[in-house]
Amino acid sequence: FDMFVLAFVERLFRPTFRKDDFVLGKKLGEGSFGVVYRASLSKKRASEESEYVLKKATEYGAVEIWMNERVRRACGNSCADFVYGFLEKSSKKGPEYWLLWKYEGESTLAGLLQSREFPYNVETIILGKVQDLPKGLERENIIIQTIMRQLLFALDGLHSTGIVHRDVKPQNIIFSEGSRAFKIIDLGAAADLRVGINYIPKEFLLDPRYAAPEQYIMSTQTPSAPSAPVAAALSPVLWQMNLPDRFDIYSIGLIFLQMAFPSLRSDSSLIQFNRQLKRCDYDLTAWRKLVEPRASPDLRKGFELLDLDGGIGWELLTSMVRYKARQRISAKAALAHPYFDRQGLLALSVMQ
Ligand code: ADP
Ligand code: MG
């Protein structure tokens, strides 16, 4: 009860917005459930902070607002800064929800990964200037470690709050220029298991390129969504039983893979990788045995990078990309993995 009163009071003192307050700019994205624009405040409110991202969403917008409000209070650093959400109008097409975030910057991890410069382009934006340091594999490894640590940190925040994102992919990771760190965006497919919001998985929302093999995040034995109070009491137990957070871990593992292997960064090569891995029964070691003997130089480079320091990177990767959810490492345990022990991280210590 107190939580709701606090949330209400907090929201009462935040600035509110209406449709007329905004001038829409460039379209940043368009999905089946909404359109995303860059937006700024119209003249009459121009004295306030002015760079925003605005999403016009369909009926699912209500859940997305709820998720963003919860994240904002419980683990604000994990995700893009949410400002406000409101119901704009109900037309023939149904309700239209508007969601507003601070504009975090122009770089998504997807964009950064597509550049030939990756991972040095990330080093540049994290440090603010180009470093005059050797550009060997060691250096690339340090940058990738730094990104992985930031991603796992953000994900651990969500999971500790009881939220599973379910759509973790490079397109949904933004580099926040203000905090000089990566943050997660797009809670449109997220599930809050502690209160049963969006409890039944909307599998149709899941992106097959990054989705773990399990179709249902909760076991199919779990009955359909119980009422909120029942779910609140049950869900820590269900969480333990089903480890739904490990769905996101699989996705983060695939992102780790794409960062390490330049030749797996395109959509088509990732899809091909997924097919190969499936044929190997989701056993990464078997996949390695299959492809390594006739590996291209780009592929070999990935193995070399993950084999540094006694193969500690490869060890972490294989503990994330596993068929069985319960055999995958948690975000918290991954952060404590020896992969992150190395001195090298300190070189990029600006981050969190
Ligand atoms: P969609 O449902 O269309 O996937 P997203 O929430 O993922 O909506 O946003 C679409 C795109 O808009 C993102 O991929 C990103 O490029 C951009 N974007 C979203 N939120 C922000 C933000 N807070 N700051 C900067 N860019 C953002
Ligand atoms: Mg998205």
Side-chain angles (χ1 to χ4, degrees), residues 14 17 22-41 48-72 75-86 95-115 118 121-122 125 150-151 154-155 157-158 163-191 198 202-211 247-248 251-252 254-255 258 265 267 270:
R14 252 191 283 156
F17 298 93
F22 295 99
V23 180
L24 298 193
K26 191 181 163 215
K27 194 191 273 187
L28 298 172
E30 180 160 20
S32 346
F33 307 101
V35 192
V36 180
Y37 300 92
R38 195 164 165 174
S40 50
L41 285 173
E48 296 166 59
E49 188 166 359
S50 57
E51 294 299 318
Y52 294 96
V53 165
L54 197 142
K55 186 186 266 191
K56 292 187 194 178
T58 60
E59 65 268 27
Y60 293 113
V63 179
E64 200 173 336
I65 291 174
W66 196 95
M67 291 290 168
N68 276 280
E69 289 283 353
R70 177 143 165 73
V71 164
R72 183 190 147 84
C75 54
N77 292 331
S78 291
C79 295
D81 265 353
F82 183 65
V83 178
Y84 198 66
F86 54 98
E96 185 177 289
Y97 290 93
W98 286 39
L99 292 89
L100 193 67
W101 295 266
K102 286 205 183 121
Y103 180 74
E104 298 279 1
E106 60 177 11
S107 312
T108 64
L109 185 58
L112 292 161
L113 264 176
Q114 290 315 314
S115 159
F118 186 87
N121 55 354
V122 172
I125 58 176
Q150 292 182 352
L151 299 184
L155 205 55
L158 285 180
I163 293 173
V164 188
H165 186 282
R166 302 199 298 184
D167 199 15
V168 174
K169 56 183 175 183
Q171 293 78 3
N172 286 339
I173 294 166
I174 191 101
F175 186 76
S176 166
E177 283 164 11
S179 17
R180 293 241 178 126
F182 286 96
K183 291 180 171 183
I184 296 172
I185 55 173
D186 198 352
L187 297 167
N198 194 355
K202 293 207 234 61
E203 316 85 73
F204 63 89
L205 279 177
L206 305 180
D207 189 318
R209 290 168 302 175
Y210 294 91
F247 189 87
D248 292 341
S251 310
I252 287 276
L254 290 191
I255 295 173
Q258 287 191 298
R265 287 180 197 157
D267 271 351
L270 181 62

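Atoms within each ligand, like the ligands themselves, are counted from 1 in listed order. Atom set for the values below is all heavy atoms of this structure, side chains included, hydrogens, waters and symmetry mates excluded.
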Mode of [X] contact toward ligand 1 - side chain, backbone, both, neither (heavy atoms, under 4.0 Å):
{"X": "Asp81", "value": "neither"}
{"X": "Asp186", "value": "both"}
{"X": "Tyr103", "value": "both"}
{"X": "Glu104", "value": "both"}

Of the non-hydrogen atoms in [X] and [Y], which two are nearest, and what is the gap between them?
{"X": "Gln258", "Y": "Leu113", "value": "O-CD2, 4.1 Å"}
{"X": "Trp101", "Y": "Ala80", "value": "CD1-O, 3.7 Å"}
{"X": "Thr108", "Y": "Pro170", "value": "CB-O, 3.9 Å"}
{"X": "Ser115", "Y": "Asn121", "value": "CB-ND2, 3.4 Å"}
{"X": "Glu51", "Y": "Arg38", "value": "OE1-NH2, 2.7 Å"}

Considering only heavy atoms of [X], which atoms of ligand 1 have at least one such atom less than 4.0 Å away?
{"X": "Ala80", "answer": "23 (N)"}
{"X": "Ile174", "answer": "25 (C), 26 (N), 27 (C)"}
{"X": "Trp101", "answer": "23 (N)"}
{"X": "Asn172", "answer": "7 (O)"}

Return the set of protein N, O or S atoms whose distance to the Mg ion (ligand 2) is under 2.8 Å, each given as residue and atom.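 Short answer, with waters excluded from the count: Asn172 OD1, Asp186 OD2.
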Close approach, Lys102 and ligand 1, non-hydrogen under 4.0 angstrom: yes
So is Gly105 close enough to ligand 1, meaning a heavy atom under 4.0 angstrom away? yes
Using the ring pair (Phe, Tyr, Trp, His ring centres under 6.0 Å) rule, pick out the option among Trp98, Phe22, Phe86 that qualifies with Phe17. Phe22
What protein heavy atom lies closest to atom 16 (O) of ligand 1? Include the residue and the distance to one decimal.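 Of the protein heavy atoms, Thr108 CG2, 3.4 Å lies nearest.
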Within the 4.5 Å heavy-atom criterion, are Ser40 and Val23 side-chain neighbours or not? yes
Check: Gln171 N/O within less than 3.5 Å of ligand 1 N/O: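 The answer is yes, given that Gln171 and ligand 1 share an N or O pair closer than 3.5 Å.
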Consider every N or O of Lys55 and every N or O of ligand 1, then say whether any pair is closer than 3.5 Å. yes
Check the pair Tyr52 / Tyr103 against ring pair (Phe, Tyr, Trp, His ring centres under 6.0 Å), numbers first and verdict last. CA-CA 5 Å; Tyr52 294 96; Tyr103 180 74; 9.9 Å; no
Looking at Asp186 and Lys169, does any basic side-chain N land under 4.0 Å from a carboxylate oxygen? no
Does Glu106, at its CD atom, have more than 12 non-hydrogen atoms belonging to other residues, nucleotides or ligands within less than 6.0 Å? no
More than 12 heavy atoms of other residues, nucleotides or ligands under 6.0 Å from NZ of Lys102: is that the case? no
Please check: side-chain N/O of His165 versus main-chain N/O of Phe247, any donor-acceptor pairing under 3.5 Å? no
Note: heavy atom closest to atom 13 (C) of ligand 1, options Leu99, Leu54, Leu28, Ile185, belongs to Ile185
From Val53, Val36, Val35 - option closest to atom 20 (N) of ligand 1 by heavy atom: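 That would be Val53.
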Output for pair (Leu158 CG, Asp248 CG), nearest 0.5 Å, gives 7.5 Å
